[in-house]
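Scope of the values below: all heavy atoms of this structure, side chains included, with no hydrogens, waters or symmetry mates. Every chain is numbered from 1 and lettered A, B, ... according to where its sequence line falls, protein lines coming before strand lines.
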2 protein chains.
Amino acid sequence: MDEDRNRAEDASGSGNGSGSGGKGGHMQIGEVAARTELSLRTIRHYEETGLVVPSARSRGGFRLYTERDVARLMVVRRMKPLGFTLDQMRELLDATDRLDADGPYDDPGDGTTGGRPALLALVRGYERSAAEQVDRLRVQLARAEEFAHDLRTRLDAQAGLAGG
Amino acid sequence: MDEDRNRAEDASGSGNGSGSGGKGGHMQIGEVAARTELSLRTIRHYEETGLVVPSARSRGGFRLYTERDVARLMVVRRMKPLGFTLDQMRELLDATDRLDADGPYDDPGDGTTGGRPALLALVRGYERSAAEQVDRLRVQLARAEEFAHDLRTRLDAQAGLAGG
DNA sequence: AAACCCTACCCTCACGTCAGGGTAGGGTTC
DNA sequence: GAACCCTACCCTGACGTGAGGGTAGGGTTT
């Protein structure tokens, strides 16, 4: 019922002796949530959209995540503030995965996503818009600071009126 | 049809000699959009939620904004990155408006929102969470920069492989 | 008549929240 | 030692929300 109330906070999976199978293999969603600081709902949502799909499921259907999965989630967490959609993140993650996997070898390509040049172009595009978004974030931060400062100043003035 | 396509960019209202009635009085939404860099839809949405209601309407129903309205929109634009809801912004704006309006005089209060002390407490609360949100923004910016940097580094590595 | 505006409505995205049910693993009772 | 229970954790829908975007169809201003 109210289990999702105790979201990432409580769900560290260290309650009883179970430990969900040991860190070496895979962990279940609660531990992942604790480590990534993402909510259970968010992590499940990322699976729904195909962004981060757990490497395995238990017989009972529990999501089982590997360290790689967690790493991917961490990447997503970093990307989030850049304002990409989940679909875009998926595209980018898949592209970099393939680049890393194929490594220095010549990419045979499977016809579905284009070869190395196409992947590189795609990633470069994302790099550009990432840089732009960082700039925008900086502007927003500046505006926010400006606002916070204004607010403080006004409060001080009002306090002065009240105190004097 | 595609009127919202030419959002803030095109709708500067300075095309013909009209100027929508002279800047001294009030301007209509297109000019406001141009000046605030907010979309028409956004400005209308702010009215729907009671956040920034235009001071007047033309006989035909056009929204007419004053400089004060525009100033209020600018404040909203600054607050946006802090992640407040529109309702919260409205509450805060109304509170500061009242504080400014009542100025140094003793506030008689109208019983609906509490007197000066209540208003001040409210604004102080917002100031605190504004400061917190600024911190969060900084964290996000840091993460985003980290990500952008990673991406660049990876791309360089890939380019090296391709070029070598 | 061109440029601008209006309302009303539906759409999107990234989750939050609610409701009901299943699993994992251990303890208790007979 | 089998049946039962307990707690903590997990699951799948389905609906709600916040902040707008977009479109349709029509009115207004100049």
K.L.:
If you count the non-hydrogen atoms of other residues, nucleotides and ligands that lie under 6.0 Å from CZ in B:Arg128, is the total more than 12?
P.N.:
no
K.L.:
Measure from the side chain of B:Gln28, starting at C-beta and using heavy atoms only, and say which of C:dC5, D:dG20, D:dC9 lies closest.
P.N.:
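That would be C:dC5.
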K.L.:
Could you tell me whether the phosphate oxygens of C:dA14, OP1 or OP2, come under 4.0 Å of any side-chain nitrogen or oxygen in A:Thr42?
P.N.:
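No, no such contact exists.
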K.L.:
Where along residues 54-63 of chain B does a heavy atom fall under 4.0 Å from DNA chain D?
P.N.:
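Going residue by residue through residues 54-63 of chain B, the ones with a heavy atom under 4.0 Å of DNA chain D turn out to be B:Ser58, B:Arg59, B:Gly60, B:Phe62.
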K.L.:
Mark yes or no for a side-chain to base donor-acceptor pair under 3.5 Å between A:Arg44 and D:dT12, with no hydrogen or angle criteria applied.
P.N.:
no
K.L.:
Between C:dC15 and A:Ser39, is there an OP1 or OP2 to side-chain N/O distance shorter than 4.0 Å?
P.N.:
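No, because none of the side-chain N or O atoms of A:Ser39 sits under 4.0 Å from OP1 or OP2 of C:dC15.
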K.L.:
For the side chain of B:His45, counting heavy atoms from C-beta on, which of C:dT17, D:dG20, D:dC10 is nearest?
P.N.:
D:dG20
K.L.:
Does A:Tyr46 have a side-chain nitrogen or oxygen under 4.0 Å from the phosphate oxygens OP1 or OP2 of C:dC15?
P.N.:
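Checking C:dC15 against A:Tyr46, a side-chain N or O does come within under 4.0 Å of OP1 or OP2.
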K.L.:
To the nearest angstrom, how far is A:Glu47 atom CD from C:dA14 atom P?
P.N.:
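In whole Å, C:dA14 P and A:Glu47 CD are 16 Å from each other.
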K.L.:
Are the charged groups of B:Arg72 and B:Asp69 less than 4.0 angstrom apart, N to O?
P.N.:
no
K.L.:
May I ask you to list the residues of residues 83-95 of chain B, by number, that have any heavy atom positioned under 4.0 Å from an atom of DNA chain D?
P.N.:
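Hits under 4.0 Å, by residue number: B:Phe84, B:Thr85, B:Leu86.
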K.L.:
Of the residues in residues 138-148 of chain B, which ones touch DNA chain C at a heavy-atom distance under 4.0 Å?
P.N.:
none
K.L.:
For B:Arg57, does the CZ atom have more than 12 heavy-atom neighbours from other residues, nucleotides or ligands under 6.0 Å away?
P.N.:
yes
